[in-house]
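We name chains A, B, ... by the order of the sequence lines, and we start the count at 1 in each one. None of these values were measured; they are calculated from a predicted model.
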There are 2 protein chains.
Amino acid sequence: MRQKSVLPLENNKMTDDTAVEKKSIRADALRNEDALLEAAKEIFAASGVDAPVREIAAKAGVGVGTLYRRFPKRSDLVVGVYKREVDACVTAATEFRTRFSPGEALTHWLKRYCQFIVTKKGLAAALYSGDPAFDALPAYFRANFEPTLQSLLQSAAKAGEIRGDIDAYDLLRAIGNLASVGGTEGAEHTHRMLELMIDGLRFGATTR
Amino acid sequence: MRQKSVLPLENNKMTDDTAVEKKSIRADALRNEDALLEAAKEIFAASGVDAPVREIAAKAGVGVGTLYRRFPKRSDLVVGVYKREVDACVTAATEFRTRFSPGEALTHWLKRYCQFIVTKKGLAAALYSGDPAFDALPAYFRANFEPTLQSLLQSAAKAGEIRGDIDAYDLLRAIGNLASVGGTEGAEHTHRMLELMIDGLRFGATTR
DNA sequence: TTGATAAACGGAACGATGTTCCATATCTGC
DNA sequence: GCAGATATGGAACATCGTTCCGTTTATCAA
């Protein structure tokens with residue numbers, strides 16, 4: 001029987017690069033793959049993308065052989081983790097939309113997005129490593145985040161909760177730049193600046 | 001007796017973070033330090049800043065113990081190498097100035113600077129690694145390159161060989177961005193674009 | 001349910017690399 | 001030239017990436 005680890009992505013859209021001819025993947029293999037991505041996510045956040053392979057395998061409760069079977073190169077793991085996180089962040093948007101008003105949903109999602117950015121130790125390092133394996137990541141980010149935010153912005157604007165002249169990509173970039181100031185207390189600083197931006201969105205909501 | 005390896009920096013300005021109380025450094029130690037920086041420079045350019053320590057020590061003709069005595073952390077070596085290269089690039093400017101006309105000196109130096117940028121495999125990776133040891137590098141680059149280029153530009157403009165409305169920092173950034181397109185044949189592309197820019201500088205030299 | 005079969009697993013083992021340590025070699029000042 | 005200080009080299013140990021194969025486990029048909 002499936003257990004709790006199945007929550008993020010019922011459809012396995014990110015690992016089917018070798019799909020189309022495989023009939024079925026064993027259930028334990030699926031579970032392990034998920035456990036590995038979850039473990040890698042936490043360890044990448046804590047220690048960066050150069051964390052020891054053994055540590056990740058141990059946290060996932062599998063052997064290193066299993067890790068290598070699923071993710072032959074480290075970049076495979078990194079890409080898998082970050083795509084999975086992007087998907088989770090996008091999924092959160094639809095949840096926020098059902099539970100909150102358009103404006104509140106937008107606010108919640110921006111904070112969620114911000115958290116995604118801040119916790120990504122080593123993401124920038126990976127992106128600038130020169131390894132072509134990461135070339136597709138930025139496009140994946142934008143292709144998923146931009147429509148999500150676009151939609152949230154439109155809904156909130158239509159509801160009169162924010163102004164309507166904000167471009168989604170601009171806002172994504174701006175928050176990304178905001179959060180790029182690292183450091184221990186950088187998270188708080190980023191959070192304050194984000195609140196400021198959100199207030200800025202609200203300002204002029206009615207004044208068309 | 002000193003040998004050929006002493007040419008770049010007679011004054012040891014980049015390794016005196018622990019100075020002020022040391023009386024004298026043994027001559028062989030100085031020679032080894034220079035050999036290590038020279039070896040590391042070439043190996044970093046060829047294989048990136050993650051190249052094996054043993055390889056660098058071997059190329060320098062010393063044991064790893066000697067390397068670790070002088071550069072306890074890898075970042076020490078990286079910073080040492082790049083500061084040394086900045087110094088060499090700045091030194092080249094004064095040489096060009098004595099051997100060429102102001103305009104030619106400027107052209108030569110821009111190509112020299114461009115070569116500095118292009119050959120820096122792994123520099124970007126180091127800068128974005130998040131290691132605070134590299135925080136001072138960008139400032140060091142600008143503090144040395146901007147006045148150098150500024151001066152070259154002024155001389156060339158005063159001699160009527162180029163226009164006079166070019167900002168040194170803008171030009172440095174522009175060339176840096178030009179050269180950031182990596183790849184094997186990227187060097188040629190960068191060179192062509194650089195020639196274009198230089199022609200752009202010349203254009204309008206007399207007009208106004 | 002059970003057994004055959006393929007799939008997946010785990011972790012020992014190996015090689016490459018980072019890092020330390022100290023007996024030995026070399027330099028410097030006298 | 002000598003003594004003491006300084007620096008060296010590379011063996012030795014620790015850590016990590018990666019491979020390999022005997023063992024375990026899931027799947028499915030009977």
Just how far, in rounded Å, is [atom2] of [N] from [atom1] of [X]?
{"X": "B:Asp50", "N": "D:dC16", "atom1": "CG", "atom2": "P", "result": "15 Å"}
{"X": "B:Leu67", "N": "C:dT19", "atom1": "CG", "atom2": "P", "result": "10 Å"}
{"X": "B:Phe71", "N": "D:dT8", "atom1": "CZ", "atom2": "C1'", "result": "15 Å"}

Minimum-distance nucleotide (side-chain atoms of [X] versus [options]):
{"X": "A:Arg69", "options": "D:dC16, C:dC9, D:dA12", "result": "C:dC9"}
{"X": "B:Tyr68", "options": "C:dG18, C:dC9, D:dG9", "result": "C:dG18"}
{"X": "B:Thr66", "options": "D:dT8, C:dC27, D:dT19", "result": "D:dT8"}

- Message: Both A:Val62 and B:Gly65 contact DNA chain C. Taking the nearest nucleotide for each, which residue is further toward the 5' end?
- Response: A:Val62
- Any idea which heavy atoms bring A:Ile166 and A:Leu153 closest together, and the distance? O-CD1, 3.9 Å
- Task: Verify the contact: side-chain N or O of A:Arg54 to OP1 or OP2 of C:dG11, cut-off strictly under 4.0 Å; return yes or no.
- Result: no
- So, is A:Asn32 close to the C:dA8 phosphate, meaning a side-chain N or O under 4.0 Å from OP1 or OP2? no
- Hey, is OH on B:Tyr128 packed in by over 12 heavy atoms from elsewhere, all under 6.0 Å? no
- Message: Under the salt bridge (Lys or Arg N to Asp or Glu O under 4.0 Å) test against B:Glu85, which residue among B:Lys41, B:Lys120, B:Arg112 passes?
- Response: B:Lys120
- Task: Check every strand shown and say whether B:Val64 touches a base, only sugar-phosphate, or nothing at a heavy-atom separation below 4.0 Å.
- Result: base
- Query: Contact class for A:Arg74 (heavy atom, under 4.0 Å): base, sugar-phosphate, or nothing?
  - Reply: sugar-phosphate
- For the residue pair A:Leu149 and A:Tyr113, establish whether any side-chain heavy-atom pair is separated by less than 4.5 Å. no
- side-chain hydrogen bond (donor to acceptor under 3.5 Å, both in side chains) filter on B:Ser129, not counting sequence neighbours, yields none
- Item | ring-ring contact (aromatic ring centres under 6.0 Å, His included), paired with A:Phe145, selected from A:Tyr169, A:Phe116, A:Tyr140 | A:Phe116
If you restrict it to nitrogen or oxygen atoms, what contacts under 3.5 Å exist between nucleotides 28-30 of chain C and the protein, and what is each distance?
from, atom 1, to, atom 2, distance (Å)
C:dT28, OP1, B:Ala27, N, 3.0

- Item | Pair B:Arg70 + B:Asp76, salt bridge at N-O below 4.0 Å | no
